[in-house]
There are 2 protein chains.
Amino acid sequence: MTSPHDRLPIGELAGRSGLAASALRYYEELGLIHSERTSGGQRRFTRATLRRVAFIRAAQVVGLSLEETSAALAKLPQDRAPNAAQWNSVARTWTRRIDQQIAELEELRRKLTGCIGCGCLSLRKCGLYNPGDAAAGSGAGARYLLGERPDTVGVDAPGVTPGRA
Amino acid sequence: MTSPHDRLPIGELAGRSGLAASALRYYEELGLIHSERTSGGQRRFTRATLRRVAFIRAAQVVGLSLEETSAALAKLPQDRAPNAAQWNSVARTWTRRIDQQIAELEELRRKLTGCIGCGCLSLRKCGLYNPGDAAAGSGAGARYLLGERPDTVGVDAPGVTPGRA
DNA sequence: GCTTGACTTCAAGTGCGCTTGAAGTTGCAA
DNA sequence: TTGCAACTTCAAGCGCACTTGAAGTCAAGC
């Protein structure tokens, strides 16, 4: 577990994770991953970093920003596999998020299908209208649907990066 | 249908659509929407533009870029409601895309749940690994999952903007 | 020891989808 | 007629997640 083979240079980590070295450096700069250095100043990552990187990739799919991912990663141990409780805590947040996204997509599909049925898209009737003010378009991709979250309409969705009018 | 009230100034369209005027100007610049001008050079949009704008919003939720949205919009009439056939053709593409996204999210959830069960995330065993090379991270948000689309692995996903190593 | 490829830092650039600001013009209501 | 909000264009800026390039250093195999 602490053999010399556990100390991956960045190219190795890049190769194994499928990410560019530049991206990994960037992640390290942001504090998402960590490395030790050789006497010459080159990075050496532990194998556990592979886990963190996989986590980051998955987080991006769920729609987390690197900042949010960073917060999530902070709950996991840096150099060993998380235990069940730790993992549970994170994964539960995720599955909730995933469920929410799925629900939103299904809602949109429902609206679209409704449109097919009614031949509408002629204002008003159609579920695609009523954008609900400043809801959607939170930058980092498919986040909130237009017209969704009627309970938080008129307010920036909670927990989402503020910016962007 | 062609009353003077059908000619919306940009602020009106912005208010009704929930988008910023600047965004609408940007869309017009890209050719997604169109306007006529008053003698003084101010934009006047038809009500039908509301439909196009709603369409654009929905398209963003599905993860389409404005360029892709533009292509989709080209299939719909500019100043009237689409007929069933036109709408069908577009909506079908969308529902397929939505279904695909849902499937991907469910797959990720499955993997996460598996992780909870097995207490893993300890390399190898876990479905979260094997990133499948250059798959995910196509820029505009939750597009393709890591490890997904095993049939197109190693190739840029078809129909998706090339860039980004 | 030397070569060569992998590494280092730092600054600047990229692409998307806008927003912001400056400086000027229009249109409508009083 | 005037006043003022709403509009106009154009250029530049922003935030995210990186990538690219320049210029230099390290490490490992021959």
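Just so we're clear, the structure is a prediction, and the values are computed from it rather than from any experiment. Proteins come first, then strands; the chains are lettered A, B, ... in the order of their sequence lines, and each starts at number 1.
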ask   = Using a cut-off of less than 4.0 Å, is there contact between a side-chain N or O of B/Q60 and OP1 or OP2 of C/dC16?
value = no

message = Can you tell me if B/Y27 touches the phosphate of C/dG17, counting only side-chain N or O atoms and a distance under 4.0 Å to OP1 or OP2?
response = no

How many whole angstroms separate atom [atom1] of [X] from atom [atom2] of [N]?
X     : N      : atom1 : atom2 : result
B/L24 : D/dA6  : CG    : C1'   : 14 Å
B/R7  : C/dG27 : CZ    : P     : 13 Å
B/L8  : C/dG27 : CG    : C1'   : 16 Å
A/E29 : D/dC16 : CD    : P     : 14 Å
B/R25 : D/dT9  : CZ    : P     : 7 Å
A/L30 : D/dC18 : CG    : P     : 9 Å
B/L13 : D/dA6  : CG    : C1'   : 14 Å
B/I33 : C/dC18 : CD1   : C1'   : 13 Å

request  = Give a yes or no on whether the backbone of B/T38 and the side-chain of B/R44 come within a donor-acceptor separation of less than 3.5 Å.
outcome  = no

message = Check whether A/Q101 reaches the backbone of B/L105 with its side chain - one donor and one acceptor, N or O, closer than 3.5 Å.
response = no

Separation of [Y] [atom2] from [X] [atom1] (nearest 0.5 Å):
X     : Y     : atom1 : atom2 : value
B/R51 : B/T46 : CZ    : OG1   : 8.0 Å
B/I33 : B/R52 : CD1   : CZ    : 8.5 Å
B/L19 : B/L24 : CG    : CG    : 5.5 Å
A/E28 : A/H34 : CD    : NE2   : 8.0 Å

Give the nucleotide from the list [options] with an atom nearest to the side chain of [X].
X     : options               : result
A/Y26 : D/dC7, C/dG17, D/dA17 : D/dA17
A/A23 : D/dT19, C/dC7, D/dA17 : D/dT19
B/S65 : D/dT8, C/dG17, C/dT8  : C/dG17

request  = Can you pull out how bent the helix from C/dG1-D/dC30 to C/dA30-D/dT1 is, comparing the axes over its first five and last five pairs, to 10°?
outcome  = 0°

key: Carboxylate-amine/guanidinium contact B/E12 B/R16, below 4.0 Å   = yes

query = Of the non-hydrogen atoms in A/R97 and A/V62, which two are nearest, and what is the gap between them?
reply = CG-CG1, 3.6 Å

key: Members of residues 37-46 of chain A that approach DNA chain C, where some heavy atom sits under 4.0 Å away   = A/R37, A/G41, A/Q42, A/R43

note = B/E36 meets the side chain to side chain donor-acceptor pair (under 3.5 Å) criterion, sequence neighbours left out, with B/R7

